[in-house]
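This report concerns only the one structure given below.
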Protein chains: 2
Amino acid sequence: MTRTADSGRAGRRPALTRARIVHAAIGLIEREGADALSMRRVAGELGVAVMSLYNHVPNKDALLQGVAEHIVAGMDLDCGPDEPWTGRARALVRAFRKVAHDHPRCMNVVFTHRIGTSAGLRPAERALALAESAGFDGETSVRIMRALLAYALGAQLREIGAVRKFDRLPGDGAEEFARLDPDEFPHVIALAPQLARHDPETDFEFGLDLLVNALESLPRSR
Amino acid sequence: MTRTADSGRAGRRPALTRARIVHAAIGLIEREGADALSMRRVAGELGVAVMSLYNHVPNKDALLQGVAEHIVAGMDLDCGPDEPWTGRARALVRAFRKVAHDHPRCMNVVFTHRIGTSAGLRPAERALALAESAGFDGETSVRIMRALLAYALGAQLREIGAVRKFDRLPGDGAEEFARLDPDEFPHVIALAPQLARHDPETDFEFGLDLLVNALESLPRSR
DNA sequence: ACCTGAACACCGTTCAAGT
DNA sequence: ACCTGAACACCGTTCAAGT
């Protein structure tokens with residue numbers, strides 16, 4: 001648990017910094033959601049006037065970009081290079097999943113803001129390196145990286161949506177499907193228990209297995 | 001091209017409707033971006049007082065939900081049932097890609113808003129139906145649907161991000177990589193031309209092929 | 001049932017003034 | 001170089017009043 005409410009304390013405060021501002025923004029988003037983030041609220045948390053923020057950040061969009069960058073930079077890319085390349089591919093996608101779980105309410109910010117710093121390219125570098133070590137040519141390596149990235153992003157996006165859909169329903173969510181037209185949705189109704197079951201971990205690994213297995217049986221140039 | 005600027009005309013106007021409000025919101029987002037959407041702007045476009053909107057839509061979030069629902073409901077799900085199931089799986093994912101391309105600036109709204117109407121379940125119904133016809137059991141069918149959805153979502157999310165990263169650079173974007181540390185990013189730098197090349201269609205089909213091929217070699221119960 | 005204007009509590013950002 | 005308060009042009013939404 002981080003302590004961000006210095007506002008009340010009157011003693012000497014640490015210097016205002018872009019890093020401190022980004023950190024306060026992340027904390028605020030995680031506590032109250034991205035809608036609650038405003039320059040005024042962030043300034044309040046830091047016990048500072050709103051306009052002071054603008055000495056370290058050009059505008060709100062740049063602050064959100066800083067949030068996205070900080071979170072992506074927090075990815076743990078240490079997958080032992082001794083592992084086979086498929087294991088490293090899995091570790092890379094799981095590393096993204098990890099930061100997504102550590103900062104669930106910041107993910108929409110990550111999804112919608114460009115990463116400007118070179119730290120955003122570190123996961124790409126790892127992905128390209130492992131694809132090359134597997135013997136794929138450059139063009140294929142880029143496509144593999146993009147397919148893995150698409151799945152990493154989409155799996156988290158879907159999971160967030162699924163949580164919002166089911167987790168505030170009592171029980172297994174069966175009543176969600178009670179009103180559906182049985183002629184139009186026979187499969188959805190028949191599979192209601194499976195659809196209501198909430199096991200994101202298994203869902204995630206299932207799709208990751210599909211992708212990695214497909215990569216393994218892809219023709220290689222080397 | 002739709003005509004939304006009735007504002008100036010003084011004659012009898014069509015009745016204010018939830019559908020007309022959603023339509024105006026979609027037009028505004030596509031023309032000026034999601035940030036430009038406000039209840040006041042929408043009301044202005046329809047030549048109506050702000051508060052009139054609230055007779056048909058409880059609040060702004062519900063309006064955005066309506067936008068997401070309308071766009072998802074616009075998916076073309078007519079994949080000839082004579083096709084093999086892999087073809088229908090491809091058609092389904094491509095149908096999502098199609099609406100994403102028809103409403104590029106609305107996609108972030110779609111990604112971040114729950115679909116409340118049953119129309120949002122129609123793609124799921126199709127996906128479950130084709131997985132079952134392929135001989136998968138119910139639990140596997142649900143996981144297949146989720147993997148396909150994750151890829152469909154993520155591929156579009158990635159593509160939007162890639163466009164924002166490269167399409168405003170002159171030439172092939174090589175100068176984007178000029179400042180990178182060669183020791184930290186050898187592969188990114190070596191593959192700069194491939195990374196700068198912008199061929200989302202091929203990227204998308206590459207990942208889709210991976211997934212569908214993996215599905216085809218999955219053990220089936222029937 | 002539907003529409004409306006005024007009002008309230010917020011926003012992001014510019015500007016001029018301070019140290 | 002950094003901080004600040006006042007001001008401007010916006011927001012979403014409540015409320016009371018109209019038809």
Side-chain angles (χ1 to χ4, degrees), chain A residues 4 6-29 31-68 105-106 108-109 112-114, chain B residues 4 6-29 31-68 105-106 108-109 112-114:
Chain A
T4 41
D6 301 321
S7 348
R9 301 289 298 104
R12 291 189 54 73
R13 248 190 300 274
L16 194 53
T17 286
R18 194 189 129 101
R20 284 188 69 224
I21 294 171
V22 168
H23 187 259
I26 291 175
L28 184 52
I29 293 173
R31 257 178 291 117
E32 306 192 31
D35 284 346
L37 183 101
S38 74
M39 300 300 275
R40 291 169 137 101
R41 289 291 308 271
V42 172
E45 297 240 331
L46 295 168
V48 109
V50 205
M51 292 314 300
S52 303
L53 302 180
Y54 287 79
N55 290 308
H56 305 89
V57 149
N59 51 44
K60 186 184 182 179
D61 211 62
L63 171 54
L64 290 173
Q65 198 170 308
V67 168
R105 307 184 88 170
C106 284
N108 282 336
V109 175
T112 53
H113 286 79
R114 155 122 154 281
Chain B
T4 40
D6 301 322
S7 348
R9 300 290 298 105
R12 291 189 55 71
R13 250 189 300 273
L16 194 55
T17 286
R18 195 189 128 101
R20 284 188 69 224
I21 294 172
V22 168
H23 186 259
I26 291 176
L28 184 53
I29 293 173
R31 257 178 291 118
E32 306 192 30
D35 285 345
L37 184 100
S38 74
M39 300 300 275
R40 290 169 137 101
R41 290 289 311 269
V42 172
E45 297 238 331
L46 295 169
V48 108
V50 206
M51 291 315 300
S52 303
L53 303 179
Y54 287 79
N55 289 309
H56 303 90
V57 149
N59 52 42
K60 186 184 183 180
D61 211 64
L63 171 54
L64 289 174
Q65 199 169 307
V67 167
R105 308 183 87 172
C106 283
N108 281 337
V109 175
T112 53
H113 286 78
R114 155 123 156 280

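Proteins get letters first, then strands, A, B, ... in listed order; numbering begins at 1 in each.
- A donor-acceptor pair is defined here as one N or O able to donate and one able to accept, closer than 3.5 Å; no such pair exists between the side chain of A/Arg18 and the backbone of A/Val57.
- Nearest heavy atoms, A/Ala25 versus A/Val67: CB-CG2, 3.9 Å.
- Rounding to the nearest 0.5 Å places CZ of B/Arg114 at 11.0 Å from CG of B/Asp61.
- Contact footprint of chain B on DNA chain C: nucleotides with an atom under 4.0 Å from a non-hydrogen protein atom, first to last in 5' to 3' order, C/dC2 to C/dA7.
- Here the side chain of B/His56 pairs no donor or acceptor atom with the backbone of B/Ile21 at under 3.5 angstrom.
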Report the secondary structure of DNA chain C in dot-bracket form, marking unpaired bases with a dot and bases paired to a different strand with |, and treating Watson-Crick or G-U pairs with both distances under 3.5 Å as paired. ||.|||||...|||||.||
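- A/Leu37 has its side chain within reach of A/Leu64: a pair of non-hydrogen atoms, C-beta onward, lies under 4.5 Å apart.
- Of the residues in residues 51-67 of chain A, those placing a heavy atom less than 4.0 Å from an atom of DNA chain C are A/Met51, A/Tyr54, A/Asn59, A/Lys60, in numerical order.
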Take A/Leu63 and A/Met39 through the side chain to side chain contact (heavy atoms under 4.5 Å, CB included) test and state the conclusion after the steps. CA-CA 9 Å; A/Leu63 171 54; A/Met39 300 300 275; 4.0 Å; yes
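- By the 4.5 Å heavy-atom criterion applied to side chains, B/His23 and B/Thr17 are not counted as neighbours.
- Between B/Val109 and B/Ile29 there is a side-chain heavy-atom pair separated by less than 4.5 Å.
- Nearest-nucleotide assignment on DNA chain D puts the 5′-proximal partner with A/Val48, out of A/Arg40 and A/Val48.
- The backbone N or O of B/Ala15 sits less than 3.5 Å from a side-chain atom of B/Arg20, completing a donor-acceptor pair.
- The distance from the CD atom of B/Glu45 to the CZ atom of B/Arg40 is 15.5 Å, given to the nearest 0.5 Å.
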